[in-house]
Amino acid sequence: MNTTVSAGFLDLPPLVRAAGRVTLPGSKSISNRVLLLAALAAGTTRVRGLLDADDTRVMRDALRALGCTLRDEGEVLHVQGLGGRLAVHEASLFLGNAGTAMRPLTAALAVLAATQGGRFELAGVARMHERPIGDLVGALRQLGCTVDELGSPGYPPLRVGGRAGGRLATAQPIRVRGDVSSQFLTALLLALPLAAQGGDAVTIEVAGELISRPYVEITLKLLARFGVEVAHEGWRRFTIAAGSAYRSPDAIDVEGDASSASYFVAAGAIAATADAPVVVEGVGSDSIQGDIRFVDAARAMGAAVHAEPGRLVVHRGAWPLVPIELDCTEIPDAAMTLAAMALFAHGTTRLGGIASWRVKETDRIAAMAAELRRVGAQVVAGDDFIAITPPASGGWRAAAVRTYDDHRMAMAMSLAAFNPRAGAAPRVPLRILDPRCVAKTFPGYFDALFGLVEADPADVPVLTVDGPTASGKGTLAAALAARLGYHLLDSGALYRATALAVDADGIAPGDEAAVAAAAAALDLRFDGGRCVLRGRDVSEALRLERTGALASRVSALPAVRKALHARQLAFRRAPGLVADGRDMGTVVFPDAALKVFLTASPAERAERRHKQLISKGISASIADLRADLEARDARDRSRPVAPLVPARDALSLDNSALDVDASVDLVLDWWAERRPFDR
Ligand code: DC
């Protein structure tokens, strides 16, 4: 299974438990600040633990376009700083939907271009062009920077420029609003040490309330690591000392992302078991991120969280969760996780101070309200608050949740899959539309989630593909699993591996008890598409004709089939399974939601096998291949146990004249018809 799902949706079965260990990706906020600071500083900085996701990728690409050298060495990124000097004076930068790239780069390039000369364009995706930046532009103009709005006034795309030798107006304090996005202040704080380099101190004054203050604290802490101290008076007036200059700290570690931690803290609070907690590695009591304060809010809702340096250990505490009223000004991102946790509380949760949600990746107040309602909650939403009353046990709906190209919508709403814990009757699966939006900050989110959670096997959907040899089941099943983000069981590989083991141990293929014992003891792992038997990669040996023929013999032995039965059932794990073989629909998964019986004419199958062999440099005669596969079909069909026959409720698919994509699309249509979600 991997979550490079390409079907445009990911279905989660109802989940009943969460336990185990998850290692967080690096903090987005720290990663993008560190990247920019390292690029502006003198000297090389070795950065460990950097987030590898869409938002940091656009920052890295932008820095490269600006002439900065970035070199990956294993886990460590080496950034060779520009020392405050522009290496490139003209560039067009695409910054996706990364506010943490757009705002600080705009400020830094405006300041550098105003004194060293240059012309830079900064653009992003359509939503980025709807996210305000006018207050930052206004502040930069007070400094004397030239900033042109290329689209709507107050929004990206922007062009910043200037002539070499220009001077900045730093004598007066620069005023910036603090109540729309704290990123405006952060951007100025990151850029203005470049202006103080020449000699003058620079002062910034915040107008209005400063929201998301913890993010400004991160900025100040990281500035200090890069040699720039900023004094502030009551978070309203910030002074960067004259002569400030960035110096590389040589090496810096990026801690795990505290906002990303919130989903797993929530999972633990909702579904950890008494004996097995959810352990979140990468952030803890020593975190510099504001969203670590989410832990206190989760505790207020009942989570039992033990925080230590670099780690959070989460047990279930109060149950059901306790509804809260909370001002979330300081934890706007993690507050979305609280909104999802509210589905498991015994009353109405009211989250205030979230006006900034309106200008994030999407209008998060509207989006959250709509999607929480879609799963059955009652929601009241206002300009700066949201109030959530969970569904009654019979009110949960199998929802196809929209994600609005917003990673946090996908991650927060995924928690609704724990509805059995809330007593949902019936318990419902959940569909996440466009799940790949998590790549903005956490590409491996769903893999991490599925690594922790458990569903009752009966709730885990199974799609079976049975059929004769060389019918293309393996290819079809693998493509379906990839499209659905499901696990894959290639049951033939189990029989083939048994054949290899039997062969290696000199067991007679007819010695049923001995072959079954070998099957039961099979030391076999599937590892990223490779098959490892007794510690050896046998992926190639497994596919040999000889192995297939021996597998066909041993698979006819009832004791062997019995020995492999439990191992096959164990593949049925969240989020779902595509299983291919001969008896997947008839014997192993008789309750599968969709059973496909795949066939192709013997001539076509012999041709395909021939092509396969030729591509591996093995010569063979088509006539021999056809005779061989017909013999194998006959044996598989006529054996007394689990013969190759279509299940009564199987849908037949003759793919003689279909290419793989067409077969996949057809089966996905059948699948869609059987899922409970609106289409
Ligand atoms: O699908 P395959 O060619 O890898 O299967 C190898 C042999 O294993 C095949 O001849 C029949 C047997 N088999 C089986 O009996 N039941 C299964 N579910 C899968 C394979």
Side-chain angles (χ1 to χ4, degrees), residues 462-481 487-503 509 512 515-516 518-519 522 524 526 529-531 533 538-572 577-590 592 595-600 602 605-606 608-610 612-613 616 625-647 650 655:
V462 180
L463 192 169
T464 60
V465 183
D466 288 306
T469 193
S471 58
K473 330 178 273 319
T475 310
L476 176 64
L480 290 167
H487 299 280
L488 176 67
L489 165 59
D490 167 7
S491 61
L494 300 181
Y495 292 98
R496 288 171 182 263
T498 303
L500 285 180
V502 161
D503 202 30
E512 182 163 357
V515 179
L522 215 52
L524 180 69
F526 294 96
R530 312 302 294 172
C531 189
L533 178 64
V538 294
S539 313
E540 302 292 320
L542 217 57
R543 301 321 315 167
L544 296 174
E545 288 303 289
R546 188 170 167 270
T547 312
L550 187 53
S552 169
R553 285 191 63 190
V554 300
S555 67
L557 304 169
V560 173
R561 304 200 74 83
K562 196 160 162 235
L564 292 176
H565 193 82
R567 195 186 279 261
Q568 297 175 72
L569 295 181
F571 277 77
R572 188 171 193 174
L577 176 66
V578 179
D580 82 79
R582 304 291 186 285
D583 60 342
M584 296 297 96
T586 48
V587 176
V588 183
F589 301 108
K595 301 173 185 177
V596 177
F597 194 80
L598 195 65
T599 53
R605 289 190 283 135
R608 287 180 192 165
R609 176 64 38 98
H610 185 248
Q612 232 174 32
L613 292 174
K616 288 188 200 154
L625 286 171
R626 179 168 172 173
D628 191 52
L629 63 86
E630 284 183 314
R632 199 182 306 175
D633 283 354
R635 186 163 47 221
D636 291 347
R637 276 201 191 98
S638 61
R639 66 187 178 207
V641 282
L644 171 65
V645 288
N655 69 2

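Starting from 1, each residue takes its place in the sequence as its number. Not measured: the values here are computed from a predicted model. Both counts, for ligands and for their atoms, begin at 1 and track the order of listing.
Heavy-atom contacts of Arg543 reach the following atoms of ligand 1: 4 (O) (cutoff under 4.0 Å). The atoms of ligand 1 that sit less than 4.0 Å from any heavy atom of Ser552 are 10 (O). Within ligand 1, counting atoms from 1 as listed, the ones closer than 4.0 Å to a heavy atom of Lys473 are 1 (O). Per-residue contacts place Met584 under 4.0 angstrom from the following atoms of ligand 1 (heavy atoms of the residue considered): 18 (N). Those atoms of ligand 1 that come under 4.0 Å of a heavy atom in Ser555, given as number and element, are 11 (C), 12 (C), 15 (O).
For the pair Arg561 and ligand 1, the shortest N or O to N or O distance falls below 3.5 Å. Looking at ligand 1, you won't find any N or O of Asp580 less than 3.5 Å from one of its N or O atoms. Here's the thing with Asp583: one of its N/O atoms is less than 3.5 angstrom from an N/O atom of ligand 1. No N or O atom of Arg632 sits closer than 3.5 Å to an N or O atom of ligand 1.
Ranking protein heavy atoms by distance to atom 7 (C) of ligand 1, first place goes to Ala551 CB, 3.8 Å. Looking at atom 17 (C) of ligand 1, its nearest protein heavy atom turns out to be Arg582 N, 3.3 Å. For atom 3 (O) of ligand 1, the closest heavy atom belonging to the protein is Arg496 NH2, 2.8 Å. Among protein heavy atoms, the minimum distance from atom 19 (C) of ligand 1 is reached at Ser491 OG, 3.3 Å.
Distance CZ/Arg605 to CG/Leu598: 9.5 Å, rounded to 0.5 Å. For the atom pair Leu564 CG and Thr498 OG1, the distance stands at 4.5 Å (nearest 0.5 Å).
Residue Arg639 places a heavy atom under 4.0 Å from ligand 1. Proximity of Arg553 to ligand 1 is not established, as no heavy-atom distance is less than 4.0 Å.
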Using a 3.5 Å cut-off and no angle test, enumerate the donor-acceptor pairs between side-chain atoms of residues 577-584 and protein atoms at least two apart in sequence or in another chain.
| residue | atom | partner | partner atom | Å |
| --- | --- | --- | --- | --- |
| Arg582 | NE | Asp636 | OD2 | 3.2 |
| Asp583 | OD1 | Arg561 | NH2 | 3.3 |
| Asp583 | OD2 | Arg561 | NH2 | 2.9 |

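At a threshold of 4.0 Å, the pair Asp503-Arg553 does not count as salt-bridged, since none of the basic side-chain nitrogens sits closer than that to a carboxylate oxygen. In summary, Glu545 and Arg609 engage in a salt bridge, as defined by a charged side-chain N under 4.0 Å from a carboxylate O.
Only the side chain of Asp636 comes within contact range of ligand 1, with a heavy atom under 4.0 Å; no backbone atom does.
A donor-acceptor contact closer than 3.5 angstrom is absent between the side chains of Ser552 and Arg632.
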